[in-house]
S.K.: 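Dropping the structure in here first, questions after.
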Amino acid sequence: MDTDPHQTDVAIIGAGPVGLFAVFECGMLDMSCHVFDALDMPGGQCAALYPEKPIYDIPGYPRIDAALLVERLAEQAAPFGPIYHLGHAVTGLDRDADRFVISNAAGARVAARAVVIAAGGGAFGPNRPPLAGIEAFEGKSVFYLVRRREDFRGKRIVIAGGGDSAVDWAVSLAEVAERVMIVHRRAKFRAAPGSLARLRQLTEAGRVELVTPYQLAGLDGADGRLDAVIVADLAGNESRLEADCLLPFFGLATQLGSLAHWGLAFDDNRIAVEPATCATSRAGIFAIGDIAVYPGKLKLILSGFAEAAAAAHAIHPLVHPGEALHFEYSTTKGLPGS
Ligand SMILES: Cc1cc2nc3c(=O)[nH]c(=O)nc-3n(C[C@H](O)[C@H](O)[C@H](O)COP(=O)(O)OP(=O)(O)OC[C@H]3O[C@@H](n4cnc5c(N)ncnc54)[C@H](O)[C@@H]3O)c2cc1C
């Protein structure tokens, strides 16, 4: 556990598209940032829920895959040297003299003059199957997200679940994997008709094996390396599926967690903000992106980008008191080192 907190100008909670753009907007106004996310990668919903889907309403990009948008946003933020604290939810907010001290579940602590909450629908975490010892396999052979399909080339994969993610990834991974098996406790899957039709074709062609009605019962392997997934039918009879990876797709849960207890005004589970500045009901704490609400709010990435700019301008006097802020275009100001 850290003892002295890191010092920064702005602590950003959430490394989704909006939190990432807030780093850029703060950076342009000479404010440094530390960024926290419960996920072990930046990108929020874009990375966790739809990395390979194209987005059509990002200005200047007629079409851009969600994962690529995240990459571009991280690249745009990079010149300002953000420090990321990924893989652990923010759990604490304290006050230390004129600073907020934000802490996460791993014990990292950051003291900041202002806090920007860009937490979307809350901290992302997978719904884990209750299998003994699963933690030892996580990140090595048990994955709750597919970041790059290529990582699974030539692998024997067990997918667990019966919804869109299970079906879509079975269809997609069948193109690169040696073997794909889907374990589901019902014979019927719930997914888009087109995906179900493709799954049927792949099953008939022997490219995907349906293991139904079965559920996960255990893992066999050592040192985080999986040898087999144990499944059981509804009567408890067990079978062994030789496999390199298990992908449980039982949905991602979002949790507002401690943010809900920071004394902020909420409106229908979202943080109420003043639209011109994105200021919350607590001085020095701002909220932007999906978590923020005001009359007429559109839950769109582009709205979040504008909110990041508004919040950064409102935070400037807190970080640089007494310093006049002259509004400048990026074309006039340029980037650090340019
Ligand atoms: C399938 C799908 C398609 C979409 N298509 C479009 C589209 O075409 N155009 C569009 O504009 N929008 C689209 N959206 C919506 C868009 O993704 C969201 O508006 C956007 O992601 C909001 O960004 P954000 O940064 O505010 O929050 P998020 O992307 O939700 O990111 C918030 C991050 O904060 C983290 N976090 C929350 N609480 C904590 C905590 N306590 N500690 C640490 N980390 C925390 C979360 O883990 C998460 O990573 C789509 C959404 C989905 C699901």
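Order of listing sets the numbers, starting from 1, for every ligand and every atom in it.
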S.K.: Using the ring of each side chain (for Trp, its six-membered ring), is His85 parallel, tilted or perpendicular to His6, with breaks at 30° and 60°?
M.R.: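 His85 vs His6 ring planes: tilted.
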S.K.: Would you check if the side chain of Arg240 reaches a backbone N or O of Ile230 as a donor-acceptor pair within less than 3.5 Å?
M.R.: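 No, because the side chain of Arg240 does not come within donor-acceptor range (under 3.5 Å) of the backbone of Ile230.
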S.K.: Which residue supplies the protein heavy atom nearest to atom 41 (N) of ligand 1, what is that atom called, and how far is it?
M.R.: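 For atom 41 (N) of ligand 1, the nearest protein heavy atom comes out as Val90 O, 3.5 Å.
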S.K.: Closer than 4.0 angstrom: is that true for some heavy atom of Gly304 and an atom of ligand 1?
M.R.: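 Not so, Gly304 does not reach ligand 1.
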S.K.: For the residue pair Arg225 and Phe137, would you count it as a cation-pi contact if the rule is NZ or CZ under 6.0 angstrom from the ring centre and within 45 degrees of the ring axis?
M.R.: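 Cation-pi check for Arg225 and Phe137: fails.
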S.K.: Nearest protein heavy atom to atom 23 (O) of ligand 1, by residue and atom, and its distance?
M.R.: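 Nearest protein contact, heavy atoms only, for atom 23 (O) of ligand 1 is Pro17 CG, 3.5 Å.
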S.K.: Tell me, please, which residues at least two apart from Tyr144 pass ring pair (Phe, Tyr, Trp, His ring centres under 6.0 Å).
M.R.: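 Listed in chain order: nothing, the list is empty.
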S.K.: Please write down residue, atom name and distance for the protein heavy atom closest to atom 17 (O) of ligand 1.
M.R.: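 Among all protein heavy atoms, the one nearest atom 17 (O) of ligand 1 is Tyr50 OH, 2.5 Å.
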S.K.: Would you say ligand 1 has an N or O under 3.5 Å from any N or O of Gln45?
M.R.: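 Yes, at least one N or O pair falls under 3.5 Å.
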S.K.: How far is atom 11 (O) of ligand 1 from the closest protein heavy atom, and which atom is that?
M.R.: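 So the nearest neighbour among protein heavy atoms is Ile301 N, 2.9 Å.
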S.K.: Without swapping roles, check the side chain of Thr203 against the backbone of Glu209 for a donor-acceptor pair under 3.5 Å.
M.R.: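 Pair absent, no side-chain N/O of Thr203 close to backbone of Glu209.
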S.K.: Do Met41 and Ile64 land in one hydrophobic cluster if side-chain heavy atoms of ILVMFWY residues count as linked below 4.5 Å?
M.R.: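 Met41 clusters together with Ile64.
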S.K.: Between the candidates Ala22, Ser303, Ala123, Ala308, which shows the shortest non-hydrogen contact distance to atom 39 (C) of ligand 1?
M.R.: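 It is Ala123 whose heavy atom sits nearest to atom 39 (C) of ligand 1.
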S.K.: Counting from 1, what ligand 1 atoms have a heavy atom of Gly289 closer than 4.0 Å?
M.R.: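 In order of numbering, the contacting atoms are 26 (O).
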S.K.: Within the distance-only criterion (no hydrogens, no angle test), does the side chain of Lys333 pair as donor or acceptor with the backbone N or O of Met28 below 3.5 angstrom?
M.R.: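 It does hold such a pair.
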S.K.: Which residue owns the protein heavy atom closest to atom 27 (O) of ligand 1, what's the atom, and how far is it?
M.R.: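 Its nearest protein heavy-atom neighbour is Gly120 CA, 3.3 Å.
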S.K.: Would you check the N or O atoms of Ala38, main chain and side chain alike, for any that come under 3.5 Å of an N or O of ligand 1?
M.R.: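 Between Ala38 and ligand 1 (N or O atoms, distance only) the closest approach is under 3.5 Å.
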S.K.: Return yes if some donor-acceptor pair links the side-chain N/O of Arg113 with the main-chain N/O of Ala11 below 3.5 Å, else return no.
M.R.: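 Pair absent, no side-chain N/O of Arg113 close to backbone of Ala11.
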S.K.: Relative to the ring of His320, is the ring of His316 parallel (under 30°), tilted (30 to 60°) or perpendicular (over 60°)?
M.R.: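 Correct class here is tilted.
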S.K.: Which of the numbered atoms in ligand 1 are under 4.0 angstrom from any heavy atom belonging to Gly44?
M.R.: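 Contacts of ligand 1 toward Gly44, numbered from 1: 29 (O), 31 (O), 48 (C), 49 (O).
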S.K.: Using a 4.0 Å cut-off to any heavy atom of Gly14, which atoms of ligand 1 qualify?
M.R.: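 By the 4.0 Å cutoff, the relevant atoms are 33 (C), 34 (O), 35 (C).
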S.K.: Which is it for Leu49 and ligand 1 at heavy atoms under 4.0 Å: side chain, backbone, both or neither?
M.R.: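 Only the side chain of Leu49 comes within reach of ligand 1.
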S.K.: So, is His88 polar-close to ligand 1, with some N/O to N/O distance under 3.5 Å?
M.R.: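 No, no N or O pair falls under 3.5 Å.
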S.K.: Are Val211 and Leu247 joined in one hydrophobic group, where the rule is that I, L, V, M, F, W and Y side chains link up if heavy atoms are under 4.5 Å apart?
M.R.: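 The answer is no; the residues belong to distinct hydrophobic clusters.
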S.K.: So is there a nitrogen or oxygen of Phe124 less than 3.5 Å from a nitrogen or oxygen in ligand 1?
M.R.: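 Such a contact does occur with ligand 1.
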S.K.: Who's the nearest protein heavy-atom neighbour of atom 9 (N) of ligand 1, and how far?
M.R.: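 I find the closest protein heavy atom is Asp57 OD1, 2.9 Å.
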S.K.: Same cluster or not: are Ile12 and Val115 linked, directly or through other Ile, Leu, Val, Met, Phe, Trp or Tyr residues, by side-chain heavy atoms under 4.5 angstrom apart?
M.R.: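 Ile12 does not cluster with Val115.
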S.K.: Output yes when Arg153 and Glu178 qualify as a salt bridge under the 4.0 Å nitrogen-oxygen rule, no when they do not.
M.R.: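 Salt bridge flag = no for Glu178 with Arg153.
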S.K.: Under 3.5 Å between any N/O of Leu300 and any N/O of ligand 1: does that happen in this structure?
M.R.: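 No, since none of the N or O atoms of Leu300 sits under 3.5 Å from an N or O of ligand 1.
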S.K.: State the atoms of ligand 1, each with its element, that fall below the 4.0 Å cut-off from a heavy-atom position in Ala89.
M.R.: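 So the atoms of ligand 1 that pass are 42 (N), 43 (C).
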S.K.: Report, in ascending order of atom number, the atoms of ligand 1 lying under 4.0 Å from any heavy atom of Ile55.
M.R.: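 Result: 7 (C), 8 (O), 9 (N).
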S.K.: Does the residue Ala118 have a heavy-atom contact with ligand 1, meaning some pair of atoms that are separated by less than 4.0 Å?
M.R.: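 Per 4.0 Å heavy-atom rule, Ala118 contacts ligand 1.
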S.K.: Examine Leu49 and Val146 and state if one hydrophobic cluster contains both, with Ile, Leu, Val, Met, Phe, Trp and Tyr joined whenever side-chain heavy atoms are less than 4.5 Å apart.
M.R.: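 No, it is not one cluster - the side chains of Leu49 and Val146 are not joined through contacts under 4.5 Å.
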S.K.: For atom 49 (O) of ligand 1, grab the closest protein heavy atom and report residue, atom and distance to one decimal in Å.
M.R.: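 I find the closest protein heavy atom is Asp37 OD2, 2.7 Å.
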S.K.: Assert yes or no for the condition that the ring centre distance of Tyr214 to His184 is strictly below 6.0 Å.
M.R.: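 Here the rings of His184 and Tyr214 have centres that are no less than 6.0 Å from each other.
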S.K.: Which ligand 1 atoms are under 4.0 Å away from a heavy-atom of Leu39?
M.R.: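 Those qualifying, in numeric order: 49 (O).
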S.K.: In the protein, which heavy atom is nearest to atom 25 (O) of ligand 1, and how far is it?
M.R.: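 Looking only at protein heavy atoms, the one closest to atom 25 (O) of ligand 1 is Val18 N, 3.1 Å.
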